[in-house]
Amino acid sequence: MRHAAPGLGLLLGALLGGPALAADPAEVPTVHGLALYGDPALPANFPHLPHADPDAPIGGSLVRSAIGSFDSTNPFIIRGTPATGLTEIYDTLLAQNPGEPFSMYGLLAEGVRLDPDRQWIEFDLHPEARFHDGHPVEASDVIFSFETLTEQGQPFYAAYYADVVDIRAVDDDTVHIDLADSESRELPLILGQLPILPAHYWEGRDFEATTRDALLGSGPYRIAEVEPGRRIVYERVADYWGKELPVNRGRHNIERLVFDYYRDQTVALEAFKAGNLDLRLETSARNWATAYDFPALEAGFVERLEVPDGQPAGMQAYVMNLRRETFQDVRVREALNLAFDFEWLNRNLFYGAYERTESYFANSEMAAQGLPSEAELALLAPHRDELPDAVFEAPLPIDHPEGLRPRLARALALLEEAGYAVRDGVMTDLDSGTPLRLEVLLFDTQFERVVQPLLQNLERLGIQGDIRIVDVNQYLNRLRSFDFDLIVGSFPQSANPGNEQRDFWTSEFADVPQSRNLIGLRDPVIDDLVDTLIAADSREALDTAARALDRVLRWGFYVIPQWHLGHTRFALWDKFGWQEPFPEYGLDLHAWWVDPERAPEIEARQRNR
């Protein structure tokens, strides 16, 4: 079904300055893309994304590392440990431009109609769209994908698309989706992120069971090799139906994408230096400062990049599990925060590379600062009886002592207020006589040296602490069942947070296996603020809601914030090409290519090591 110009009802609505008088899809214009606020930056006839080179050469391979193991090629379900990179084989309805904060352009959908009141959205599928077996992508596949992912997939999907009321096919290539009265501006765009699965392929198969099959998709790559726990290889689809679409032209240039699995990051680093890997994302400040002095780099065969990242830093932290009785008292949680000495870590272990993370929306306008603004107070005031006075009266950042000794003294006082005392050198709950003991669960030995200073500071308070390092599969299983005291977790944020915040913070997902509410939050105030954020109808309203949410989360001391960088660190064997400047809101490796002139010399050097 195709639709043309807007009808009289919409025109009258626009002239009168009110809502549309009619929401008939026949009267709504079909557009090539959507933006969260305003219009997309790229016009309907844009030839390719600005950072992509349509003349880029095709061929070569990119070998990267993955850590741990895998036992499944289905990334959408709770069971199993999925292989890295599986989204390469799936197309979505729309594709995001990483050069804009949040705009989506046609991929499987060649056109979009959005009701002016945001009560429904329609997608027109490309008639040429095909799965890798040649079967056309149809409206029934979109419906199957939505229903399967929200009913049988990870809980993330149910949270993300909670405000969808109904989905139905208008015809074989048109899907109509009715939306709830949530006023979520983000929902139409995130519906465009829905990965589309082939209904005919899954007929007679158990979607919720782990599998090692080369699953069927419609994307630019297909699974070529699966060696469970060791390697997965993707090959470029030569007759990919969408290769000439504007969002794809000049992208997906590399013939083979390979992910080799290693026990930990230390082994993976040595594999990179030996030439077994082509590219490495470096997350260790110590490695970046000291581990790249090998001959290949000095000879110019290896390059290092620091690419600026315009996205909010989000929150990486020691996450406390509120399902444990130990963490129920906010004074205990604040005391644990006080025992963390970032300045010492940054000076002695990180070579001064990092900034301390204080906000859940760090490195953005959404981070709360100082005292609440009038707009924030309007959101917080209805909950005054449920929130601590500090939320309203104390400025951010929170006024904690800077030196370690006064911090530990303050921590000791808080613990004593919470009913603890040191008995025979051990911090003890006076009511139960139980020692205060904590375990930090890890899966990577690289982080052990970072945790030890925190445990040493806790020991000075009489708190007993241990590190438990398990393999990745066991780690994931314990996370799914929320079987941990503390972990190193992250809550990534985009420039336009929305529905995913439900999965992070709300009561509905506190006990849902594999949800991202790692903390176990059950707070009606936070639930309400999340709903307000999702319903924000302007950039100003979104920023205000995010600041109010940030403020409440920070005064809850649910995590011990760690650190962040304003850029991404890469090391790579110098056989790749790309076009600069890099997109502002995310590095797009799909726009890179293997340079046919440099690659032979570089790869010969890699083989000869």
Side-chain angles (χ1 to χ4, degrees), residues 46-66 84-85 87-89 91 95 97-99 107 132 217 219-225 231-260 268-269 271-282 292 294-307 568-583 586-609:
F46 76 95
H48 56 82
L49 295 177
H51 63 278
D53 183 352
D55 299 319
I58 305 297
S61 62
L62 169 59
V63 184
R64 301 172 64 184
S65 67
T84 299
T87 55
E88 303 287 352
I89 73 172
D91 275 334
N97 173 19
L107 182 50
H132 298 151
Y221 289 91
R222 61 164 57 95
I223 298 173
E225 300 174 26
R231 157 183 278 218
I232 187 165
V233 179
Y234 304 90
E235 64 181 8
R236 186 175 178 271
V237 178
D239 59 350
Y240 170 46
W241 76 271
K243 63 183 176 182
E244 291 303 319
L245 295 178
V247 293
N248 286 331
R249 197 171 294 128
R251 302 174 70 235
H252 315 300
N253 308 303
I254 299 175
E255 192 69 34
R256 285 168 59 87
L257 306 178
V258 182
F259 292 92
D260 284 335
L269 173 59
F272 171 78
K273 292 161 70 172
N276 296 325
L277 301 172
D278 294 319
L279 182 145
R280 175 175 171 77
L281 172 65
E282 185 53 76
Y292 289 88
F294 57 106
L297 187 140
E298 295 171 359
F301 292 101
V302 171
E303 182 178 358
R304 298 201 300 168
L305 292 176
E306 293 186 352
V307 181
T568 303
R569 297 176 294 217
F570 282 95
L572 62 149
W573 286 80
D574 192 20
K575 67 175 186 177
F576 300 100
W578 56 82
Q579 187 157 282
E580 296 189 37
F582 294 113
L587 185 67
D588 183 11
L589 290 178
H590 286 305
W592 290 25
W593 61 87
V594 174
D595 190 312
E597 296 182 1
R598 290 204 304 271
E601 180 183 7
I602 297 295
E603 291 172 357
R605 172 68 181 233
Q606 289 177 296
R607 287 192 297 270
N608 290 335
R609 288 187 60 83

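All figures in this text were calculated on a predicted structure; none of them were measured in a lab. Computation of the quantities below employed the complete heavy-atom set of this structure, encompassing side-chain atoms and omitting hydrogens, waters and symmetry-equivalent molecules.
Closest of all the heavy-atom pairs between Leu245 and Leu107 is CD1-O, 3.6 Å. Closest heavy-atom contact between Ser65 and Leu277: CB-CD1, 3.6 Å. Nearest heavy-atom pair across Ile232 and Thr84 is CG2-O, 3.7 Å. Nearest heavy atom pair, residue His51 against residue Ala591, reads CD2-CB, 3.6 Å. Closest of all the heavy-atom pairs between Pro583 and Gly99 is CB-N, 3.8 Å. Closest of all the heavy-atom pairs between Val594 and Pro57 is O-CG, 3.8 Å.
The side chain to side chain donor-acceptor pair (under 3.5 Å) search around Trp592 returns none, not counting sequence neighbours. Shown here are the side chain to side chain contact (heavy atoms under 4.5 Å, CB included) partners of Pro246, two or more places apart in sequence or in another chain: Phe46. Residues passing the salt bridge (Lys or Arg N to Asp or Glu O under 4.0 Å) test with Arg598, sequence neighbours excluded: Asp574, Asp595. Shown here are the salt bridge (Lys or Arg N to Asp or Glu O under 4.0 Å) partners of Glu282, two or more places apart in sequence or in another chain: Arg280. With sequence neighbours excluded, the residues forming a side chain to side chain contact (heavy atoms under 4.5 Å, CB included) with Pro54 are His48, Arg249, listed by chain and number. The side chain to side chain donor-acceptor pair (under 3.5 Å) search around Glu580 returns Trp578, not counting sequence neighbours.
The structure places CG of Leu589 at 7.5 Å from CD1 of Ile254, a figure rounded to the nearest 0.5 Å.
You'll find the side chain of Glu306 reaches within 4.5 Å of the side chain of Arg569, heavy atoms only. With a 4.5 Å cut-off on side-chain heavy atoms, Leu297 and Arg304 count as touching. You'll find the side chain of Arg256 stays beyond 4.5 Å of the side chain of Tyr234, heavy atoms only. Between Asp588 and Phe582 there is no side-chain heavy-atom pair separated by less than 4.5 Å. At least one side-chain heavy atom of Leu281 sits under 4.5 Å from a side-chain heavy atom of Thr568. Leu572 has its side chain out of reach of Val302: every pair of non-hydrogen atoms, C-beta onward, lies at least 4.5 Å apart. By the 4.5 Å heavy-atom criterion applied to side chains, Phe272 and Phe294 are counted as neighbours.
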- Task: Kindly indicate, with the supporting measurements, whether the criterion side chain to side chain contact (heavy atoms under 4.5 Å, CB included) is fulfilled by Ile89 and Ile223.
- Result: CA-CA 7 Å; Ile89 73 172; Ile223 298 173; 4.0 Å; yes
- Report the C-alpha distance between Trp241 and Asp91 in whole Å, list the side-chain angles of each, state the deciding distance to 0.1 Å, and finish with yes or no for side chain to side chain contact (heavy atoms under 4.5 Å, CB included). CA-CA 11 Å; Trp241 76 271; Asp91 275 334; 3.0 Å; yes
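Remark: the backbone N or O of Gly250 is not paired with any side-chain donor or acceptor of His590 at under 3.5 angstrom. With Glu255 contributing its side chain and Gly59 its backbone, the two residues share no donor-acceptor pair below 3.5 Å. Formation of a donor-acceptor pair under 3.5 Å by the Arg605 side chain with backbone atoms of Glu601 is not found in this model. Although no hydrogens or angles enter the test, the distance criterion places a donor-acceptor pair under 3.5 Å between the side chain of Lys243 and the main chain of Ala238.
Of the N and O atoms on the side chains of Trp593 and Asp53, not one donor lies less than 3.5 Å from an acceptor on the other residue.
The aromatic rings of Phe301 and Trp573 lie tilted to each other, with the angle between the two planes from 30° to 60°. Aromatic ring pairs are classed by plane angle as parallel below 30°, tilted from 30° to 60° and perpendicular above 60°; the pair His252 and Tyr240 is perpendicular.
Looking at Glu303, Glu603, Glu597 one by one, the single match for side-chain hydrogen bond (donor to acceptor under 3.5 Å, both in side chains) with Lys575 turns out to be Glu603.
The pair Glu88-Arg236 does not meet the salt-bridge criterion, since no charged nitrogen lies less than 4.0 angstrom from a carboxylate oxygen. In summary, Arg64 and Asp278 do not engage in a salt bridge, as defined by a charged side-chain N under 4.0 Å from a carboxylate O.
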